[in-house]
Amino acid sequence: MTVISGPSAVGKGTLVKRLQENFPQVWVSVSVTSRAPREGEIDGVHYHFVSEREFDELIAGDGLLEWAQVHGAARYGTPAQPVFQARDAGRKVILEIDLQGARQIRKHLPGARFVFVNPPSWQALLERLARRATESNAEIERRLATAKGELAAAGEFEHSIVNDDLDTALAQLVDLIGLQR
Ligand code: 5GP
């Protein structure tokens with residue numbers, strides 16, 4: 001199992017998507033979230049979109065491997081059962097989750113591999129967030145505040161890659177996970 005974390009807009013999603021497209025043995029967990037879908041997001045593909053009440057029920061039923069409230073707003077969590085199924089089927093399991101979630105996984109599944117994705121610079125991260133323009137200003141401010149905290153905790157991760165050139169970062173990730181190119 002590989003846990004991939006890093007600040008918002010650092011390009012984790014693109015890296016994970018590329019892994020998924022190129023390596024059939026890779027299985028990427030689909031998280032549940034209580035946030036509303038963004039335009040173009042499909043339920044069951046990008047996330048399982050649930051109500052706050054459904055999220056409470058998942059927690060109460062021990063259905064989540066980890067969960068966290070991210071950016072002081074919505075909750076996100078990893079459904080446990082599909083992860084164990086994929087692992088037992090011999091797939092390379094990838095969790096793209098935030099720092100709080102990574103810490104919980106470290107506690108429960110210490111054998112996992114932890115990878116932090118860094119931006120080339122703070123300025124580059126600001127530009128990427130601004131370019132995304134899917135978020136309101138208040139939302140961007142919140143994400144920047146979270147990003148500061150996440151970058152400060154990068155040292156907790158065994159592995160660290162810099163997402164400057166996408167192909168280079170992808171190659172590093174492929175080697176870390178032990179995939180055959
Ligand atoms: P977004 O709202 O942009 O899709 O995701 C916001 C943040 O939530 C990202 O930093 C992402 O890593 C994190 N996240 C997504 N799914 C999960 C999850 O299942 N658990 C945790 N702890 N964080 C998640």
Side-chain angles (χ1 to χ4, degrees), residues 1-20 27-52 54-59 61-84 86-87 93-109 112-119 125-126 128-154 156-157 159-161 163 169 173:
M1 180 186 296
T2 303
V3 175
I4 299 178
S5 291
S8 194
V10 78
K12 291 164 294 179
T14 309
L15 280 167
V16 168
K17 196 160 154 255
R18 286 280 196 96
L19 274 182
Q20 210 170 9
W27 180 85
V28 181
S29 165
V30 179
S31 300
V32 288
T33 180
S34 63
R35 85 152 160 74
R38 295 192 191 115
E39 207 177 309
E41 283 183 333
I42 301 163
D43 188 31
V45 175
H46 298 94
Y47 284 104
H48 299 287
F49 296 98
V50 299
S51 64
E52 294 290 349
E54 286 168 322
F55 206 102
D56 286 338
E57 285 166 5
L58 281 167
I59 297 170
D62 258 347
L64 300 178
L65 209 51
E66 59 76 34
W67 69 271
Q69 187 173 27
V70 182
H71 307 307
R75 289 182 292 176
Y76 298 78
T78 304
Q81 213 192 352
V83 167
F84 292 128
R87 186 195 61 182
V93 171
I94 308 280
L95 306 184
E96 192 231 300
I97 59 179
D98 88 321
L99 174 64
Q100 306 168 76
R103 286 175 173 159
Q104 292 170 48
I105 298 290
R106 179 174 288 116
K107 226 188 267 169
H108 302 312
L109 302 165
R113 181 186 293 112
F114 295 88
V115 182
F116 193 86
V117 184
N118 282 287
L125 189 69
L126 289 179
R128 285 183 196 179
L129 254 178
R131 255 204 316 268
R132 244 195 197 184
T134 48
E135 280 95 12
S136 64
N137 280 345
E139 182 64 28
I140 290 177
E141 286 302 318
R142 238 198 331 254
R143 279 166 190 262
L144 282 177
T146 310
K148 275 196 184 133
E150 297 222 324
L151 288 171
E156 292 177 25
F157 289 70
H159 307 285
S160 167
I161 60 176
N163 189 16
L173 199 52

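Both counts, for ligands and for their atoms, begin at 1 and track the order of listing.
Partner of Ile97 under the side chain to side chain contact (heavy atoms under 4.5 Å, CB included) criterion, chosen from Ile4, Val70, Ile105, Leu65: Ile105.
With respect to the salt-bridge test (charged N to carboxylate O, under 4.0 angstrom), the residues Glu156 and Arg103 qualify.
Remark: minimum distance from atom 4 (O) of ligand 1 to any protein heavy atom is reached at Tyr47 OH, 2.5 Å. Given atom 2 (O) of ligand 1, the protein heavy atom at minimum distance is Tyr76 OH, 2.5 Å. Closest to atom 20 (N) of ligand 1 among all protein heavy atoms lies Glu66 OE2, 2.7 Å. When hydrogens are left out, the protein atom nearest atom 11 (C) of ligand 1 is Glu96 OE2, 3.9 Å; that is the closest non-hydrogen contact. Among all protein heavy atoms, the one lying closest to atom 19 (O) of ligand 1 is Ser31 OG, 2.7 Å. Here the protein heavy atom with the shortest distance to atom 7 (C) of ligand 1 is Val70 CG1, 3.6 Å.
Considering CZ of Arg75 and OG1 of Thr33, their distance stands at 9.5 Å, rounded to 0.5 Å. Note that CG of Leu95 is 8.5 Å distant from CG of Leu109, once rounded to the nearest 0.5 Å. How far CZ of Phe116 is from NE2 of His159: 14.5 Å, rounded to the nearest 0.5 Å.
Residues Arg35 and Glu41 have side chains in contact (heavy-atom distance under 4.5 Å, counting atoms from C-beta outward). Side-chain contact check for Pro79 versus Phe84: every heavy-atom pair is 4.5 Å or farther apart. Between Trp67 and Ile59, the closest side-chain pair of non-hydrogen atoms falls below 4.5 Å.
Each of the atoms 1 (P), 2 (O), 4 (O) of ligand 1 lies under 4.0 Å from some heavy atom of Arg35. The ligand atoms of ligand 1 that sit less than 4.0 angstrom from a heavy atom of Lys12 are 9 (C), 10 (O), 12 (O). Close contacts between ligand 1 and Gly77 involve ligand atoms 18 (C), 19 (O), 20 (N) [criterion: under 4.0 Å to a heavy atom]. Taking every heavy atom of Gly101 and a limit of under 4.0 angstrom, the matching atoms of ligand 1 come to 22 (N). Of all atoms in ligand 1, listed by their number and element, those nearer than 4.0 Å to a heavy atom of Ala68 are 22 (N).
Checked against a 3.5 angstrom limit, the closest N/O atoms of Ser8 and ligand 1 fall outside it.
Closest non-hydrogen pair, Ala73 versus Arg142, comes out as CB-NH2, 4.1 Å. Minimum heavy-atom separation, Val10 to Asn163: O-ND2, 2.9 Å.
Counting only non-hydrogen atoms, the option in Ile105, Ile97, Asp98 that gets closest to atom 22 (N) of ligand 1 is Asp98.
Counting non-hydrogen atoms of neighbouring residues, nucleotides and ligands closer than 6.0 angstrom, the CD atom of Glu52 exceeds 12 such neighbours.
Under 4.0 angstrom from ligand 1, there are no non-hydrogen atoms of His46. At a 4.0 Å heavy-atom cut-off, ligand 1 touches Arg38 through the side chain alone. Under 4.0 angstrom from ligand 1, the non-hydrogen atoms of Arg143 all belong to its side chain. If you look at Gln104 next to ligand 1, there are no close heavy atoms at all, none under 4.0 Å.
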